[in-house]
Number of protein chains: 2
Amino acid sequence: MSANSRLTIAAHALTWIGLYQRRGHEVATSEQIATSVNTNPVVIRRLLAKLSKAGLADSRRGAGAGWMLARDLAAITLLDVYQAIEPGPVFALHRATPDPECIVGHGIGPAMAAVYDDVEAALRRELAKTTLEDVLRDVLKAA
Amino acid sequence: MSANSRLTIAAHALTWIGLYQRRGHEVATSEQIATSVNTNPVVIRRLLAKLSKAGLADSRRGAGAGWMLARDLAAITLLDVYQAIEPGPVFALHRATPDPECIVGHGIGPAMAAVYDDVEAALRRELAKTTLEDVLRDVLKAA
DNA sequence: CCTTAGTGTAACTATTTTGGTTACATCGGC
DNA sequence: GCCGATGTAACCAAAATAGTTACACTAAGG
């Protein structure tokens, strides 16, 4: 399937900031996070910008700039992260509109849309079960 | 997100064949199906080839060739279709492997993979709830 | 002030996925 | 053998995703 890695990267970034702050640091830079994630700092900043708009992270500019969490890790679920960064749905309907003269072509869109709504709801329910605190706990356990 | 339309098209194709057969026809051609879906016949054949391998559809060659269902619509769930055509997972881990020296970089992969397994399981459970018979009923209701 | 480290964001490129198209070998009933 | 279809490879186009460069802007600290 599509398979994008944004949720993974975003969770990684926030978890990294959370751990860094717990170790006594004020802010984390996109450069530091990018090193851990193994990508370009701009990729991190773009994601954190969305997370910031969603109220999950905050940035500070000027000298001593960087990123910090807007809430504790325990107060951020993967659903929060998902909603902050994923615009589209998991499944798409037809790229080109099917033949409206055909009964199936006419009715299949709404029928599938209803199913997809339920699937997305289930997916969200599942993502809501895990907080970044849970993720960090697993991470530390594995170390 | 990714958003591919394969599941939609595959469900459309099978439902179309099912209805066509109920109306007394032996087989449906990829050309007919493609007209209803509004795409190229090869796209349909490619999908039906996978559905055939999964035991959901059968093809006949030579003169009077075409496609038929291998099972009744009521015996095919959207999960069956999904598994027949979707290879990869919904969410991907890091594209490049994160810094293994970093605790978070080291442990985040397995941690997220565990969550993603649960999410996929929920998604499958949800898809299994709907059969193509259900889809056809909705389609006919909308007509 | 003015230096400086880092954010914010646009613009461009590369890679991958997805879907559409052409082409043609093959099959099998008539 | 003819003919209408499948089966598949090969190629192309478009879109999504991620990586990169570039640079204006911000604000603490000297």
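Residue numbers begin at 1 in each chain, while the letters A, B, ... track the order of the sequences. Note that the structure is a prediction, hence the values are computed from the model and not measured.
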- Query: For A/E120, which residues count as a side chain to side chain donor-acceptor pair (under 3.5 Å) partner, sequence neighbours excluded?
  - Reply: none
Using atom names, set out every protein N or O paired with an N or O of nucleotides 27-30 of chain C below 3.5 Å, distance rounded to 0.1 Å.
residue	atom	partner	partner atom	Å
C/dC27	O2	B/G62	N	3.1
C/dG28	N3	B/A63	N	3.4

Expressed as a whole number of angstroms, how long is the span from [X]:[atom1] to [N]:[atom2]?
X	N	atom1	atom2	value
B/K53	D/dT6	NZ	P	16 Å
A/I9	D/dG19	CD1	C1'	12 Å
B/I33	D/dA5	CD1	P	12 Å
B/D58	D/dA5	CG	P	19 Å
B/F91	D/dT17	CZ	P	12 Å
A/K50	D/dA18	NZ	C1'	12 Å
A/W67	C/dT7	CH2	C1'	7 Å
A/L51	C/dG8	CG	P	12 Å

- Query: If you find the nucleotide of DNA chain D closest to B/R46 and the one closest to A/T39, which residue's nucleotide is nearer the 5' end?
  - Reply: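 So the residue in question is B/R46.
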- Considering heavy-atom distances to DNA chain D, does B/V42 or A/N40 have its closest nucleotide positioned more toward the 5' end? B/V42
Verify the contact: side-chain N or O of [X] to OP1 or OP2 of [N], cut-off strictly under 4.0 Å; return yes or no.
X	N	value
B/S59	D/dA5	no
A/R6	D/dT17	yes
A/R45	C/dT7	yes
A/T29	C/dA5	no

- Salt bridge B/K129-B/D134, side-chain N to carboxylate O under 4.0 Å: no
- Residues B/R22 and B/E133 bridged, charged N to O under 4.0 Å: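 The answer is yes: the pair qualifies as a salt bridge.
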- Message: Do B/L79 and B/I85 land in one hydrophobic cluster if side-chain heavy atoms of ILVMFWY residues count as linked below 4.5 Å?
- Response: yes
Report all side-chain donor-acceptor pairs from residues 95-117 of chain B shorter than 3.5 Å, counting only partners two or more places apart or in another chain.
residue	atom	partner	partner atom	Å
B/D99	OD1	B/E101	N	2.9
B/Y116	OH	A/T8	N	3.3
B/Y116	OH	A/T8	OG1	2.8

- Query: Should the ring pair A/H25 and A/Y20 be called parallel, tilted or perpendicular, given that the plane angle runs from 0 to 90° and is split at 30 and 60?
  - Reply: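 Aromatic pair A/H25/A/Y20 classed parallel.
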- Item | Heavy-atom closest pair, residues A/A84 and A/K50 |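 That would be O-CB, 3.7 Å.
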